[in-house]
Amino acid sequence: MRPFTYERATSAQAAAQAAAAHPNAKFIAGGTNLLDLMKLQIETPAHLIDVNHLGLDRIEKTPDGGLRVGAHVRNTDLAADKVVRKDYAVLSRALVSGASGQLRNKATTAGNLLQRTRCPYFYDTSKPCNKRKPGSGCAAIGGFNRNLAILGVSDACVATHPSDMAVAMRLLDARVETIDPHGLTRAIPIAEFHRLPGDTPHIETLLQPGELVTAVTFPKPLGGRHVYRKVRDRASYAFANVSVAAVIGDGFQHFAFGGLAHKPWRVESAEREQGADAIAAAVLAGARTTPQNEFKTILTRRTLSAVLREARA
């Protein structure tokens, strides 16, 4: 691990200002992803800004009947919250499907959203990776890509986003609240927050330099039956081959998918279709597969079938 300096921020704007003032600075809260990447020298921040003591760890109702989740609410606390379990159950179920209990006790809401891909070539510094070193190439294309993306891919990157929580947030139409070094705030729809790789896979979100995530907000509850199903290579502590988040009620059905793309994947026009085959066909339109990961198209349809049966039982 390379040397770095450290400071503890006293306010959200001060944290953003510190990040803007120090080249190659990083915010740290739970650190469950950042510290691993620092040990491997994939991330080499010169300055760490501790944002754990800013009061961004509360879960509160909003005036319009929705919910506001502070950026530093731990994954365990969010999954266990009574309101989340009752009104946003798909979010709770997605959270407990992720990582391990120990990691969920440390990982934060913002950190989960911002975690980086688990593509094996991203973690192997002896191999080219456009996400790690722009312009170096993508070893996964033509390499081992069994668990990588089939939707929204480019010739520069075929990585997937690893978060379970983000898939449920995409389904629930969450918004990501931020503050910048000038004190300006904005709310970014989760549908727009994560970027597809294109020619710049190293630019993963719409966040600007120094911009700090302060909360995630949800609209009022949808009702209906909430289901999250994750298919993975082992029973726990594994990332999704395919995951499906669903809310199904009288006259509506909403779906979001993980393990398929560089960001949580939702095709709202597909939600007008009926039956797993028709929905899956609409979701997977334009899929770009390899002999190693083409199984994901079949697995998506079968997982969706299981979700529909569970929701309508």
Side-chain angles (χ1 to χ4, degrees), residues 88-91 93-94 97-98 113 117-119 140 145-155 157-174 189-198 201 204 222 224-233 239-313:
Y88 305 91
V90 67
L91 176 61
R93 294 178 182 185
S97 295
L113 278 177
T117 185
R118 264 53 178 196
C119 172
N145 49 50
R146 175 182 177 273
N147 205 31
L148 298 183
I150 63 173
L151 293 168
V153 301
S154 73
D155 292 336
C157 184
V158 293
T160 54
H161 194 274
S163 174
D164 292 286
M165 182 196 76
V167 178
M169 287 186 172
R170 175 66 184 93
L171 178 73
L172 296 168
D173 289 320
I190 190 72
E192 302 170 11
F193 183 74
H194 296 104
R195 291 166 48 107
L196 290 177
E204 298 173 344
L222 289 171
R225 181 74 183 273
H226 292 225
V227 180
Y228 188 79
R229 184 172 289 253
K230 177 179 180 179
V231 182
R232 45 191 162 178
D233 288 335
F239 298 99
N241 295 321
V242 171
S243 64
V244 179
V247 178
I248 299 175
D250 293 333
F252 71 88
Q253 55 181 5
H254 303 312
F255 306 99
F257 299 82
L260 299 179
H262 201 258
K263 60 188 289 186
W265 198 258
R266 184 178 177 191
V267 180
E268 295 184 38
S269 60
E271 296 166 3
R272 296 192 291 269
E273 303 291 343
Q274 296 300 315
D277 289 348
I279 297 167
V283 169
L284 296 169
R288 188 169 124 185
T289 64
T290 71
Q292 296 176 39
N293 65 22
E294 62 185 355
F295 76 94
K296 288 194 174 193
T297 61
I298 300 171
L299 188 58
T300 298
R301 177 174 53 80
R302 291 179 177 175
T303 307
L304 185 57
S305 294
V307 165
L308 291 172
R309 286 195 303 271
E310 180 179 347
R312 293 167 177 166

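Just so you know, residue 1 is the first one in the sequence shown, and it goes up from there. Keep in mind the model is a prediction, meaning the values are calculated, not measured.
The distance from the CG atom of L284 to the CH2 atom of W265 is 10.0 Å, given to the nearest 0.5 Å. One finds the CZ atom of F295 at 9.0 Å from the OG1 atom of T290 (value rounded to the nearest 0.5 Å). A distance of 10.0 Å separates OG1 in T289 from CG in L151, rounded to the nearest 0.5 Å.
For the side-chain hydrogen bond (donor to acceptor under 3.5 Å, both in side chains) condition, no pair includes a residue of residues 274-286, sequence neighbours left out. Annotation: salt bridge (charged side-chain N to carboxylate O under 4.0 Å, His left out) contacts involving residues 280-292, sequence neighbours excluded, comprise D155-R288. Among residue pairs with one or both ends in residues 159-170, those qualifying as salt bridge (charged side-chain N to carboxylate O under 4.0 Å, His left out) are D164-K230, R170-D173, R170-E268; sequence neighbours excluded.
Annotation: side chain of S154 is not in contact with side chain of L196 (no heavy-atom distance under 4.5 Å).
For R195, the side-chain hydrogen bond (donor to acceptor under 3.5 Å, both in side chains) partners two or more places apart in sequence, or in a different chain, are T200. Here A174 pairs with M169, I190, V216, F218 under the side-chain contact (heavy atoms from CB on, under 4.5 Å) rule; sequence neighbours left out. Partners of H226 by side-chain hydrogen bond (donor to acceptor under 3.5 Å, both in side chains), not counting sequence neighbours: none found. In this structure A166 satisfies the side-chain contact (heavy atoms from CB on, under 4.5 Å) test together with L113, H161, S163, H194, P264, sequence neighbours excluded. With sequence neighbours left out, the side-chain hydrogen bond (donor to acceptor under 3.5 Å, both in side chains) criterion links S97 to no other residue.
Distance alone, capped at 3.5 Å, is enough to place a donor-acceptor pair between the K263 side chain and the A191 backbone. Under the 3.5 Å distance criterion, the side-chain polar atoms of T117 are matched with a main-chain donor or acceptor of T160.
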In a table with atom names and distances, give each donor-acceptor pair under 3.5 Å that connects a side chain of residues 239-255 to protein atoms at least two apart or in another chain.
unit_1 : atom_1 : unit_2 : atom_2 : d
N241   : ND2    : D233   : OD1    : 3.0
S243   : OG     : Y228   : OH     : 3.1
S243   : OG     : G258   : N      : 3.2
Q253   : OE1    : R312   : NH2    : 2.9
Q253   : NE2    : E271   : O      : 3.0
Q253   : NE2    : E273   : O      : 2.6
H254   : ND1    : R266   : NH2    : 3.3
H254   : ND1    : E271   : OE1    : 2.9

Cut-off 3.5 Å, no hydrogens considered: what does the side-chain donor-acceptor table look like for residues 302-310, sequence neighbours left out?
unit_1 : atom_1 : unit_2 : atom_2 : d
T303   : OG1    : L299   : O      : 2.7
S305   : OG     : R301   : O      : 3.0
E310   : OE1    : R229   : NH2    : 3.2

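When all heavy atoms of F257 and T300 are compared, the closest pair comes out as CE2-CG2, 3.9 Å. Across all their heavy atoms, A168 and A94 have their closest contact at CB-CB, 3.8 Å. Closest of all the heavy-atom pairs between A140 and V158 is CB-CG2, 3.7 Å. In terms of heavy atoms, A313 sits closest to R225 at O-NH1, 4.4 Å. Nearest approach of A159 to C157, heavy atoms of both residues: N-SG, 3.4 Å.
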Show your working on side-chain contact (heavy atoms from CB on, under 4.5 Å) between N293 and N147 and close with a plain yes or no.
-> CA-CA 6 Å; N293 65 22; N147 205 31; over 6 Å; no

Take M165 and L91 through the side-chain contact (heavy atoms from CB on, under 4.5 Å) test and state the conclusion after the steps.
-> CA-CA 6 Å; M165 182 196 76; L91 176 61; 3.7 Å; yes

